[in-house]
J.: 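Handing you a structure now.
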2 protein chains.
Amino acid sequence: MTGAARASSTTRDIARAAVRAELGQVAFELFCREGFDKVTVDELAAAAGVSRSTFLRYFGTKEDAVLAAFDGHDRRLADAVRARPAGEDDWTALRHALDTVIERYHRDPSGALATMRLVRDTPALWARHLEKQHRWGPALAGALAERAGSTGPATLAQSVRAAAALDCLNVALDHWTASDGRLDLVVLLDEAFAALAAR
Amino acid sequence: MTGAARASSTTRDIARAAVRAELGQVAFELFCREGFDKVTVDELAAAAGVSRSTFLRYFGTKEDAVLAAFDGHDRRLADAVRARPAGEDDWTALRHALDTVIERYHRDPSGALATMRLVRDTPALWARHLEKQHRWGPALAGALAERAGSTGPATLAQSVRAAAALDCLNVALDHWTASDGRLDLVVLLDEAFAALAAR
DNA sequence: GTCGTAGATGAAACTCGGTGTCACGCTAGT
DNA sequence: ACTAGCGTGACACCGAGTTTCATCTACGAC
């Protein structure tokens, strides 16, 4: 049965999420140690103690096992933008919304650093990540539009600002990664936004 | 032979380029008609009258057969930036450099439109394209740095501006594509850059 | 408590993209 | 004419991802 299934489900989902996290963790460590494309799905499955089938059921692709770490960022970012005061200009709202994301980098710098390195150094991962991240743009722009009271789709200006904000994040992360996490991400982000403002 | 091989080579290279162009054209048409992932490499090769091996020698991957159309854009963009007057500010230089790129879209609007659609509607293509395009950023930023008389790597500010300029291009192309090429790309690009300026 | 069902797992076969190897043939320089 | 090099085709091979099917387990209905 099953009438009222949907929504907030139960033990099963929790277990699933836990397994998924575990698989992701195992995969991540193997990738870091051996290199992303030196590890086959069979090896991942073996290392995690499940079958190849199961692994591929949890993560549709090898890439997803790593990139799942970024899932939900778009949602969180958009929510953060919507939570900013109504009168605030787009740039300020975007800049503050990004604090939501970089918080993770402060909580676990070495893990974040390792993830960044793995993703950036693996073309297949980097490509997939860019594709996913590119989709944050419209989500962010939509949030800007809502804030502005619009019901329709985002304007060109809002889209550009959202995309530029994400570039700031990426460039700041570039420099942060290059510095082995020694530089301050907040400072780098501020600097990046300042570069947009300067004529 | 062969002492002075390198540089400006001969018949062979010209023939190679022609074959490559031909293969790309055939592939593009098939992709548009059938959908990128409905077409196998064997079918591409057969349609072009060559063997699978040969096709994959010309284009390392199926994606490359489409994305080769964008090859050289980075170089052209960077050169265009370097060609701008020394005193000009970064934004103006970037904006004008982009005219170099969109020129192609004016020369063959319907072809460009079809390419855009194919790339944007095929996740694998879009991901690879973003990855390639992302590399234009550093090239552009490097050009900005040179213009500024710097010998070292680009600054964070220059990187951000280069990336933002590419976003402007992408967003403008988005809207242009959505309008079936009816809107004016130049106007859209100007609008996009204006959105960056507005506080 | 037993039964029945749905979901999670594992096994295996299959398709396809991409790599590497090798042998053949054409062509261009000697 | 000879031959060295390059483009080509034909395989064989690997690994990712899809699909299908059989099994098992846990949970709800009765």
Side-chain angles (χ1 to χ4, degrees), chain A residues 1-24 26-27 30-31 34-68 122-125 127-128 131, chain B residues 1-6 8-24 26-27 30-31 34-68 122-128 131:
Chain A
M1 223 293 170
T2 76
R6 226 29 300 122
S8 166
S9 346
T10 44
T11 324
R12 273 226 169 76
D13 295 324
I14 296 174
R16 263 195 82 80
V19 173
R20 189 174 150 97
E22 170 68 11
L23 293 186
V26 170
L30 258 186
F31 287 153
E34 316 274 348
F36 182 77
D37 17 47
K38 294 287 182 57
V39 185
T40 70
V41 174
D42 291 273
E43 289 168 333
L44 290 176
V50 299
S51 75
R52 195 182 112 95
S53 311
T54 299
F55 186 91
L56 283 172
R57 239 177 243 120
Y58 278 92
F59 300 105
T61 69
K62 242 176 35 157
E63 285 94 0
D64 281 340
V66 176
L67 300 179
T122 309
L125 277 176
R128 281 276 298 146
E131 190 224 344
Chain B
M1 165 7 106
T2 82
R6 227 22 306 121
S8 166
S9 349
T10 44
T11 325
R12 272 226 168 76
D13 295 324
I14 296 173
R16 265 194 81 82
V19 173
R20 189 175 151 98
E22 170 67 13
L23 293 186
V26 170
L30 258 185
F31 288 152
E34 316 273 349
F36 182 77
D37 18 47
K38 294 287 180 58
V39 184
T40 70
V41 175
D42 291 273
E43 289 169 333
L44 290 176
V50 299
S51 74
R52 196 180 111 99
S53 312
T54 298
F55 186 91
L56 284 171
R57 240 177 241 124
Y58 277 92
F59 301 105
T61 71
K62 238 173 46 153
E63 285 93 0
D64 281 341
V66 177
L67 300 179
T122 309
L125 275 177
W126 184 232
R128 281 275 299 146
E131 190 223 344

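These numbers come from a predicted model, not from an experiment. Here is how names work: the chains are called A, B, and so on, in the same order as the sequence lines, proteins then strands, and each is numbered from 1.
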J.: Could you state the atom-to-atom distance from CZ of A:Arg20 to P of C:dT9 in whole Å?
T.: 13 Å
J.: In the structure I gave you, are the side-chain heavy atoms of A:Asp64 and A:Arg128 within less than 4.5 Å of one another anywhere?
T.: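 In short, these two side chains touch, coming nearer than 4.5 Å.
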J.: Residues in side chain to side chain contact (heavy atoms under 4.5 Å, CB included) with A:Ser53, at least two apart?
T.: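 Partners of A:Ser53 by the side chain to side chain contact (heavy atoms under 4.5 Å, CB included) criterion, ordered by chain and then number, come out as A:Ser51, A:Arg57.
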J.: Let me know the distance between CG of A:Asp42 and P of D:dC14, rounded to the nearest Å.
T.: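 About 12 Å, once rounded to whole Å.
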J.: Going by salt bridge (charged side-chain N to carboxylate O under 4.0 Å, His left out), name the residues that satisfy it together with A:Glu63, two or more places apart in sequence or in a different chain.
T.: none
J.: Would you indicate what A:Val39 reaches in the nucleic acid, counting non-hydrogen atoms under 4.0 angstrom: base, sugar-phosphate, or nothing?
T.: sugar-phosphate
J.: A:Lys62 has an atom NZ; how far is it from atom C1' of D:dC14, in whole Å?
T.: 12 Å
J.: Taking atom P of D:dG5 as reference, at what distance in whole Å does atom CZ of B:Arg16 sit?
T.: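 For the pair B:Arg16 CZ and D:dG5 P, the rounded distance is 18 Å.
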J.: Which residue pairs satisfy the salt bridge (charged side-chain N to carboxylate O under 4.0 Å, His left out) criterion with at least one member in residues 38-47 of chain A, sequence neighbours excluded?
T.: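 Qualifying pairs, neighbours excluded: none.
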J.: Identify, with sequence neighbours excluded, every residue that meets salt bridge (charged side-chain N to carboxylate O under 4.0 Å, His left out) alongside B:Arg20.
T.: B:Asp71
J.: May I have the distance from B:Asp13 (atom CG) to C:dA28 (atom C1'), rounded to whole angstrom?
T.: 14 Å
J.: May I ask you to list the residues of residues 50-61 of chain B, by number, that have any heavy atom positioned under 4.0 Å from an atom of DNA chain D?
T.: B:Val50, B:Ser51, B:Ser53, B:Thr54, B:Arg57, B:Tyr58
J.: Just how far, in rounded Å, is P of C:dC16 from CD of B:Glu43?
T.: 8 Å
J.: Just to verify, what does A:Arg16 make a salt bridge (charged side-chain N to carboxylate O under 4.0 Å, His left out) with, not counting sequence neighbours?
T.: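 Scan of A:Arg16 (salt bridge (charged side-chain N to carboxylate O under 4.0 Å, His left out), adjacent residues dropped) gives none.
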J.: Just the rounded figure in Å: distance from P of D:dA16 to CG of A:Asp64.
T.: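 For the pair A:Asp64 CG and D:dA16 P, the rounded distance is 14 Å.
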